[in-house]
Trainee: 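I have a structure I would like to understand better, so I am pasting it below and will then ask my questions one at a time.
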Amino acid sequence: MNMDVLVSLCKRRGFIFQSSEIYGGTGSCWDYGPLGVELKHNVKRVWWRDFVQRRADMVGLDASILMHPTVWKASGHVDSFTDPMVDCRECKRRFRADQVDDMPWVHYCEATKGNKFTIAAGEPCKHCGARRTLCPECGKGQLTAPRQFNLMFKTFMGPVEEEASLTYLRPETAQGIFVNFDNVLQATRRKLPFGIAQIGKAFRNEITPGNFIFRTREFEQMEIEYFVNPHDTIEGRPADEYLHDVWIEQCKAWFTGYGVSSDHLRLHQHPDAELAHYSKRTVDILYQFPMGWSELMGIANRTDFDLKQHAKFSGKSLTWFDEERKEHVVPFVLEPSAGVDRALLAFLLDAYREEEVRNEKRVVLRFHPELAPVKIAVLPLLKKRSEIVARGHELRDRLARRWTTVYDDTAAIGRLYRRQDEVGTPYCLTVDVKTVGDAEKGEAGDGKVTIRERDSMEQIRVPIDAVDTVFGRLLDAGASWADVAREFPRAEG
RNA sequence: GCGGGAAUAGCUCAGCGGUAGAGCGCCAGCCUUCCAAGCUGGGGGUCGCGGGUUCGAAUCCCGUUUCCCGCUCCA
């Protein structure tokens with residue numbers, strides 16, 4: 001799957017546009033068009049429903065993007081959410097300054113007539129005594145001075161730009177949850193373990209954004225902070241470790257449940273050396289994007305780091321009282337954190353198919369019906385017959401009360417089907433002459449319409465009175481097309 | 001930031017000193033009883049932007065911006 005093909009389709013059909021395109025575009029920002037906004041809503045809606053509403057141990061939250069600046073001091077983002085970078089002037093490779101010292105050094109030693117040695121971190125050369133000053137990779141180039149990046153967007157609260165009013169656009173939604181931990185606990189009388197979920201925008205001044213909506217400076221997260229009593233054990237294991245594995249499986253299952261092939265998913269556990277400052281263990285779910293295996297979501301065990309930090313900086317107690325053990329505990333936190341935009345991209349990529357139908361190429365997005373931006377398209381077979389058109393509009397209006405439904409009569413039926421295939425509409429409903437009859441010939445209509453399924457292109461004849469029930473089963477009750485279709489006669493294709 | 005590539009119609013691209021083009025798509029009409037059919041007509045581009053060379057620049061030169069691919073980071 002080529003990303004450019006998808007980018008082109010997304011633009012042409014109104015899923016995703018480049019931000020500020022008429023001004024030349026701006027790197028790393030994208031706008032969701034009429035179909036994209038529906039798709040994105042659907043991704044968020046099913047996630048919220050599956051992980052919040054249907055679970056007894058989860059509640060939701062919507063915290064503000066701008067917060068008290070001390071939040072980011074407590075979280076560590078002001079001090080450590082930076083990546084000083086150095087470049088080799090010779091081979092042009094780039095390194096994180098804090099990691100250069102730990103890398104073995106390729107040294108061309110002049111004392112031994114330019115022989116090449118690999119010297120471990122911090123060690124001097126045995127022959128000339130030199131310590132590393134040059135590129136660890138090529139051993140020849142001077143390194144540039146470290147350039148400091150802070151990945152947080154600065155902004156000012158209030159109209160006056162002064163240091164006192166400096167704050168940040170949140171770089172993650174998680175901190176909004178931590179600072180509300182006690183509020184939620186008091187308001188909902190929760191017992192451990194329980195979780196708080198949030199969906200919202202986050203902002204990071206990425207060094208290198210790119211790969212379409214994969215890495216952007218403004219993006220949307222779906223995050224859960226799941227609070228666990230670290231003193232509990234489950235099946236002989238610490239509860240946080242046990243439940244961490246449970247979350248990993250549930251998150252992976254969520255993606256496959258909505259159409260992502262398990263062949264395109266892979267787990268990656270961060271080596272200890274790469275763990276973030278707050279993490280005890282982090283496992284990523286990787287997806288096979290066109291540019292390679294990359295992170296779709298991360299599931300971290302953040303321990304009690306965040307709650308302890310906020311307790312320390314705010315002076316407020318952020319604990320839960322364990323009635324059994326009669327003690328205050330600072331919960332451990334499991335954090336399944338997904339990118340809405342990355343999830344959406346994975347769903348798009350996995351749905352995209354090019355098929356051969358009657359020697360013609362058919363482009364189809366095989367979205368899970370829950371994700372499809374449009375559920376039903378109502379199409380008239382002939383638009384010169386006013387009864388057909390009128391019945392079509394009537395059906396659209398009726399169905400649109402329950403499902404996203406469009407009406408289109410601007411082309412021949414074959415083209416209309418292809419258009420709907422290309423945006424992933426799972427069902428088309430066609431009104432034809434037999435539906436309404438022919439008054440001039442004295443023929444009565446049969447009151448039936450054709451329903452056509454996207455992937456199989458099969459068609460069935462369904463009485464208009466049964467249409468709502470059929471779509472209710474297909475779209476709301478999760479019935480399979482095969483099960484529903486066998487109850488109705490096939491229509492000619 | 002560094003290196004490489006690119007920018008012409010909604011999309012894919014041709015044109016490479018002499019009146020801006022093609023295919024597809026889109027819109028309107030005709031036709032059409034179920035999978036991108038056909039016919040007729042139509043809209044749409046100051047050729048990324050700025051400067052220079054020239055009688056004349058989409059085309060040559062300089063600058064600049066943006067995008068794409070690598071190096072690095074994360075959702």
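Naming convention: chains lettered A, B, ... in sequence-line order (proteins, then strands); numbering from 1 in each chain.
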Trainee: B/G25, OP1 or OP2 - any side-chain N/O from A/R415 closer than 4.0 Å?
Mentor: yes
Trainee: When we call it a touch if two heavy atoms are under 4.0 Å apart, what does A/M297 touch: a base, just sugar-phosphate, or nothing?
Mentor: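 Counting heavy atoms under 4.0 Å across all strands, the contact made by A/M297 is with sugar-phosphate only.
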Trainee: P atom, B/U33 versus B/C24: distance in rounded Å?
Mentor: 25 Å
Trainee: Any donor-acceptor pair under 3.5 Å joining the side chain of A/R452 to the base of B/C35?
Mentor: yes
Trainee: Looking only at side-chain N and O atoms, does A/K361 come under 4.0 Å of OP1 or OP2 in B/A36?
Mentor: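 A/K361 to B/A36 OP1/OP2: no side-chain N or O under 4.0 Å.
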Trainee: Roughly how far apart, to the nearest Å, are B/C60 and B/U53 at atom C1'?
Mentor: 8 Å
Trainee: Quick one: the side chain of A/R342 and the base of B/C74, do they pair up donor-acceptor inside 3.5 Å?
Mentor: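 Such a pair exists between side chain and base.
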Trainee: Within the structure, does a side-chain N or O atom of A/N205 lie under 4.0 Å from either OP1 or OP2 of B/C73?
Mentor: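 False: A/N205 side-chain N/O out of range (4.0 Å or more) of B/C73 OP1/OP2.
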Trainee: Decide yes or no, distance alone: a donor-acceptor N/O pair under 3.5 angstrom between the base of B/C34 and the side-chain of A/T450.
Mentor: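 Indeed there is one.
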Trainee: Does A/F219 or A/I413 map to a spot on RNA chain B nearer the 5' end, using the closest nucleotide for each?
Mentor: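 Its nearest nucleotide lies further toward 5', so the answer is A/I413.
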Trainee: Could A/R281 and A/E241 be called an ion pair, given the rule that one side-chain N must be under 4.0 Å from one carboxylate O?
Mentor: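 Looking at A/E241 together with A/R281, the answer is no, because their closest N to O distance does not fall below 4.0 Å.
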Trainee: Is there a donor and acceptor pair, one atom on the side chain of A/R418 and one on the base of B/C35, closer than 3.5 Å?
Mentor: yes
Trainee: Using the P atoms only, state how far B/C69 lies from B/C26, rounded to an integer number of Å.
Mentor: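 Here B/C26 and B/C69 have their P atoms 29 Å from each other.
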Trainee: Want to settle it: does A/R12 or A/L296 sit nearer the 5' end of RNA chain B, counting the closest nucleotide to each?
Mentor: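 The residue closer to the strand's 5' end, by nearest nucleotide, is A/R12.
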Trainee: Using atom C1' in both nucleotides, what's the gap between B/G45 and B/A14 to the nearest angstrom?
Mentor: 15 Å
Trainee: In whole Å, measure the gap between the P atoms of B/U72 and B/G10 for me.
Mentor: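 These two P atoms come out 38 Å apart once rounded.
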Trainee: When you measure only distances, ignoring hydrogens and angles, does the side chain of A/R362 come within 3.5 Å of the base of B/A36 through a donor and an acceptor?
Mentor: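 Checked by distance alone, the answer is no.
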Trainee: Looking across every strand, which nucleic acid part, if any, lies under 4.0 Å from A/D284 by heavy atom: base, sugar-phosphate, or nothing?
Mentor: nothing
Trainee: Can you tell me how far C1' in B/A20 sits from the matching atom in B/G56, rounded to whole Å?
Mentor: 15 Å
Trainee: As a check on the pairing definition, encode RNA chain B in dot-bracket form, counting Watson-Crick and G-U wobble pairs whose two distances are under 3.5 Å, and using | for partners outside this strand.
Mentor: ((((((((.[[[[.)..(..]]]].(((((.......))))).....[[[[[..)....]]]]])))))))....
Trainee: So, OP1 or OP2 of B/C11: does either fall under 4.0 Å of a side-chain N or O from A/K11?
Mentor: yes
Trainee: Mind checking the P distance from B/G15 to B/U65? Whole angstroms is fine.
Mentor: 29 Å
Trainee: By the 4.0 Å heavy-atom rule, please label A/S337 as base, sugar-phosphate, or nothing.
Mentor: sugar-phosphate
Trainee: OP1 or OP2 of B/C27 sitting under 4.0 Å from any side-chain N/O of A/T410?
Mentor: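 For B/C27, OP1/OP2 do have a side-chain N/O of A/T410 under 4.0 Å.
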Trainee: Taking the P atom in each of B/C27 and B/C68, what is the distance between them to the nearest angstrom?
Mentor: 30 Å
Trainee: Report yes if a side-chain nitrogen or oxygen of A/R419 is closer than 4.0 Å to either non-bridging phosphate oxygen (OP1 or OP2) of B/C26; otherwise report no.
Mentor: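 A/R419 to B/C26 OP1/OP2: side-chain N or O found under 4.0 Å.
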